[in-house]
Asker: 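Dumping the structure here so I can ask a few things about it.
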Amino acid sequence: MADGTELDAAADGTDIGGTADGTDAGTATATGTGTDPVTGTPRPGAGAGTAGEGTPAVPLPPEWEGSGLPAEEPFKSFLAAPGPETAAEMERYGAELAARHTGLDGDALCTLTLAVLDGCGPPEGRAQLRTDLAARAAGAAAQADTTGPAAGRATVWRTLGDLLAREEGAEVAGQPLMRRLAPVFAGDPGAPAALRFRLLSALYETVTRD
């Protein structure tokens with residue numbers, strides 16, 4: 001889940017993803033190293049992608065072993081504490097990544113919605129916020145083909161509205177939100193936000209699997 005710093009960075013158009021491999025700039029890999037000098041056994045912190053804090057509660061997908069990305073937040077927390085609440089946080093972060101990927105992260109309405117979903121925004125005015133999100137989704141859909149940038153933006157607006165509605169107890173129809181967001185990243189799978197979404201999707205499938 002994004003913190004206030006990430007939201008501020010998104011609002012001024014800064015790419016929070018950092019580097020080309022999806023690892024945030026300035027973040028150490030911190031995978032844990034070494035063996036116990038007495039027993040010769042690996043220390044509990046040794047292992048890829050767990051930031052030196054032992055085995056994660058969610059198994060790390062094999063393709064991400066050795067990557068520094070799982071050691072970063074919010075992935076580190078997602079790995080450590082799976083469950084229904086974590087799945088909802090993953091969906092919210094997926095919407096944020098999609099907003100970043102489509103260039104909506106600097107839009108005031110997007111930033112406000114993410115803040116409200118994060119519990120940081122004003123509780124009043126949610127009905128108007130949902131109305132505004134629906135209008136943006138309809139406007140983007142009207143100028144969209146089925147796969148272009150406008151279609152991606154329409155998906156982001158609709159997903160943000162559905163996340164807000166679900167917080168208020170409404171049923172959300174259609175595809176699961178993470179699967180709905182996946183096509184947004186199809187045009188540039190190597191982009192930092194797309195790489196982060198790919199890891200997020202793998203963890204999401206693990207924690208929501210029956």
Side-chain angles (χ1 to χ4, degrees), residues 1-3 6 10 16-24 27-33 42-102 105 114 117-119 152 155-156 158-160 162-167 170-210:
M1 181 174 294
D3 58 19
E6 187 164 351
I16 307 165
T19 61
D21 66 355
T23 302
D24 284 356
T27 302
T29 301
T31 55
T33 57
R43 289 176 176 149
T50 60
E53 292 187 5
T55 303
V58 178
L60 186 65
E63 67 178 296
W64 294 98
E65 291 180 0
S67 168
L69 194 56
E72 297 180 19
E73 294 293 355
F75 300 111
K76 181 178 171 183
S77 295
F78 293 156
L79 284 162
E85 183 176 337
T86 299
E89 292 175 359
M90 288 180 175
E91 290 170 342
R92 181 248 176 255
Y93 185 54
E96 180 182 334
L97 290 174
R100 187 187 306 173
H101 191 70
T102 55
D105 52 332
L114 289 171
L117 290 169
D118 228 12
T155 298
V156 173
R158 190 169 77 255
T159 301
L160 289 172
D162 284 347
L163 285 169
L164 200 61
R166 195 175 63 185
E167 276 200 351
E171 291 290 332
V172 174
Q175 282 185 309
L177 299 185
M178 289 292 289
R179 292 182 185 175
R180 180 198 298 176
L181 289 168
V184 172
F185 301 90
D188 190 6
L195 289 173
R196 297 175 80 85
F197 185 82
R198 195 172 76 199
L199 173 57
L200 183 68
S201 295
L203 299 181
Y204 182 82
E205 290 296 326
T206 298
V207 302
T208 58
R209 189 177 298 137
D210 293 333

Asker: Side chains of Y93 and Y204, heavy atoms from C-beta outward: is any pair under 4.5 Å?
Answerer: no

Asker: Mind checking the CG-CG spacing from L114 to L164? Nearest 0.5 Å is all I need.
Answerer: 10.5 Å

Asker: Could you measure the distance from the CD atom of E91 to the OG1 atom of T159? Nearest 0.5 Å is fine.
Answerer: 9.5 Å

Asker: Atom CD of residue position E85 - does it have more than 12 heavy atoms of other residues, nucleotides or ligands inside 6.0 Å?
Answerer: no

Asker: Is there side-chain contact between L79 and P70, with at least one heavy-atom pair below 4.5 Å?
Answerer: yes

Asker: Using every non-hydrogen atom in the two residues, find where A194 and P189 come nearest and quote the distance to one decimal.
Answerer: CB-O, 3.5 Å

Asker: Quick check: do L163 and V172 have side-chain heavy atoms less than 4.5 Å from each other?
Answerer: no

Asker: Working to the nearest 0.5 angstrom, can you tell me the gap between R198 CZ and F185 CZ?
Answerer: 12.0 Å

Asker: Using 0.5 Å steps for rounding, measure from the CG atom of L203 to the OG1 atom of T86.
Answerer: 10.5 Å

Asker: Measure the shortest side-chain to side-chain distance between R180 and D162 over non-hydrogen atoms and say whether it is less than 4.5 angstrom.
Answerer: yes

Asker: Quick check: closest heavy atoms across A193 and R100, and the distance to 0.1 Å?
Answerer: CB-CD, 4.3 Å

Asker: Quick check on side chain to side chain contact (heavy atoms under 4.5 Å, CB included): which of E72, E96, H101 does R196 satisfy it with?
Answerer: E72

Asker: Quick one: closest heavy-atom pair of A95 and L160, and the distance?
Answerer: CB-CD2, 4.0 Å

Asker: Nearest 0.5 Å, please: how far is CZ in R179 from CD in E205?
Answerer: 5.0 Å

Asker: Which distance, rounded to the nearest 0.5 Å, do you find between the CG of L177 and the CD of Q175?
Answerer: 9.5 Å

Asker: Are any non-hydrogen side-chain atoms of V207 and F78 less than 4.5 angstrom apart?
Answerer: no

Asker: For residues L181 and L97, determine if any side-chain heavy atom of one lies less than 4.5 Å from a side-chain heavy atom of the other.
Answerer: no

Asker: Please name the pair of heavy atoms, one in W64 and one in L69, separated by the smallest distance, quoted to 0.1 Å.
Answerer: CZ3-CD2, 3.9 Å

